[in-house]
Protein chains: 2
Amino acid sequence: MESGKGAKTRQRILDAARVSVLAKGFSNTTIDEIRAEVGLTKSGFLYHFEDKTSLAKALLNQYVAEDDRIFDEIFDRAAQLNDDPLHAFLIGLKLLAEAMGDLPNAHPGCMVAAVAYHDKQFNHEIRDINRGALLSWRERFLAMLEAAAERYPPKVDVDLQKLADMLSSAMEGGIVLSRAFDTPSHLADQILLYRQFVSAVFLGTRD
Amino acid sequence: MESGKGAKTRQRILDAARVSVLAKGFSNTTIDEIRAEVGLTKSGFLYHFEDKTSLAKALLNQYVAEDDRIFDEIFDRAAQLNDDPLHAFLIGLKLLAEAMGDLPNAHPGCMVAAVAYHDKQFNHEIRDINRGALLSWRERFLAMLEAAAERYPPKVDVDLQKLADMLSSAMEGGIVLSRAFDTPSHLADQILLYRQFVSAVFLGTRD
DNA sequence: AACAAACCGTACTGTTGGTAGGGTTTTTGG
DNA sequence: CCAAAAACCCTACCAACAGTACGGTTTGTT
């Protein structure tokens, strides 16, 4: 049971760090800044995280976990709304677009991409978490695509694994656009375009 | 005529900076590191760039310019190979995928995304360059899509501007995947998937 | 030769990440 | 309630880095 006071402080550190990192990037977020926000001394901070890399690791892990929860929620609900695997996936994508429309900064992709771009700076452990998250998303989406493909023979010759990766890619790319233009809707737009492609692949473009 | 010795040194600084920034991110690239690579003293470096932000600006500007050149080259050549606007675009996408397949790190998207993620750290000037680049890509791709749409009535109800942005998004997302998995081919794959979507939009999915 | 551009040298400031180690308060289990 | 462990605080320090300041020297151009 990790419900002591320390766990709560640790979480407050992670919350403060998340805000700053998503706003300014990891390197531009200082320990002193986070420590002040939480109301700790430097020693207090270092009691919870031995160094900044350790903080990055915890931050990324938490993000990935939260992400899995969100995906579970959305696609489970979509599956409830429609028994057909393809249409459940399409409904899930619409729900996903809605969910991401307001808060692109809250999406884990931000954190994953932020880490992917920092690259060499981080140790192997963190890079593995990153890669692992992308791989788990691939498996998740691929399973749904394969289920859809069984009932609907694809009308476009695509590699389903790449098509699965395309959703991750669309989210990462959509986040870049959203941040550059400072308009969150771009992320939702890209997810919906992906949805149209999936629809075209399995259902064709017939009116 | 900017062909003096200073301009050459300046370029050597930019070249060295590019390598480090793409490998480790901007914040993790030190002036001292670049200076040593070029064989300068710190004073010598600061003679060419008054501070690190000025270097970032020059780096981004050069990247965007180089990018425009590459796009010009590829899509001009594609237009030569086929008079039809749609097929010229599709050919261009294939050439683009080939060109990006080997060297995803060389793509400006890396730099643009790196800046987009750093965000607040940079001044408005740099953010504007970034946004301007994405806007110019949008216009470029949109023009080709509109030309295609005139001859081929879209079979999928898509906003052409968003479809234009989707290519930028696919490249940015593809770069994230390529870097995370350390396999350059992901970028090419995502461009080719985008190509298949464009084909489906204008030509349909009929065999 | 004159002048400016392209550097070098040195010394210094402030911020940040991180180390070291002892001290104090708070929480918790027996 | 009491002892031990957890959760902090305090002070001092180091090294890396960005940036300032400013005078001096070399190199290229005309």
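Just so it is clear: chains get the letters A, B, ... in the order the sequence lines come, proteins before strands, and each one is counted from 1. Below, each value reflects all heavy atoms present in this structure, side chains not excepted, and no hydrogens, waters or symmetry copies. Given the structure is predicted, the values throughout are model-derived calculations rather than measurements.
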Any side-chain N or O of B:Lys42 less than 4.0 Å from the OP1 or OP2 oxygen of C:dC8? no
Which nucleotide in the set D:dG19, C:dC7, C:dG17 lies at the smallest distance from any side-chain heavy atom of B:Leu40? C:dC7
Let me know the distance between CZ of A:Arg35 and P of C:dT16, rounded to the nearest Å. 11 Å
Would you classify A:Ser54 as touching base, sugar-phosphate or nothing, given that sugar-phosphate means primed atoms plus P, OP1 and OP2, and contacts are heavy atoms under 4.0 Å? nothing
To the nearest Å, how far apart are A:Arg10 CZ and D:dA6 C1'? 15 Å
Closest nucleotide among D:dC10, D:dA6, C:dT10 to the B:Ser43 side chain: C:dT10
What is the nucleic acid contact for B:Thr30, judged by heavy atoms within less than 4.0 Å: base, sugar-phosphate only, or nothing? sugar-phosphate
Between P on D:dA6 and CZ on A:Phe45, what's the gap in Å once rounded to a whole number? 20 Å
Would you call B:Lys8 and B:Asp15 a salt bridge, taking side-chain N to carboxylate O under 4.0 Å as the test? no
Between A:Leu167 and A:Trp137, is any pair of side-chain heavy atoms under 4.5 Å apart? no
Hey, is the side chain of B:Tyr47 poking within less than 4.0 Å of OP1 or OP2 on C:dC7, counting only N and O atoms? no
Test item: A:Arg195 and A:Lys94 side chains (from C-beta on) under 4.5 Å apart, heavy atoms: yes
D:dA18 phosphate, OP1 or OP2: any side-chain N/O from B:Lys52 under 4.0 angstrom? yes
What is the distance, rounded to the nearest whole Å, between atom CD1 of A:Ile31 and atom C1' of C:dG17? 6 Å
Out of C:dT26, C:dG18, C:dG9, whichever nucleotide has its closest atom nearest the side chain of B:Thr41: C:dG9
To the nearest Å, give me how far apart CD (A:Glu33) and C1' (C:dG17) are. 14 Å
What's A:Leu46 touching, base or sugar-phosphate or nothing? Going by heavy atoms closer than 4.0 Å. base
Calculate the interatomic distance between B:Asp32 atom CG and D:dG19 atom C1'; express it in whole Å. 13 Å
Indicate whether OP1 or OP2 belonging to D:dC8 is found under 4.0 Å from a side-chain N or O atom of A:His48. yes
Computed from five pairs at either end and rounded to 10 degrees, the angle between the axes of the helix from C:dA1-D:dT30 to C:dG30-D:dC1 is 30°
Distance check needed: C:dA20 P versus A:Glu50 CD, whole Å only. 12 Å
If I take atom CD1 in residue A:Ile13 and atom C1' in nucleotide D:dA7, what distance separates them, rounded to the nearest angstrom? 11 Å
OP1, OP2 of D:dA7 versus side-chain N and O of A:Thr9: anything below 4.0 Å? no
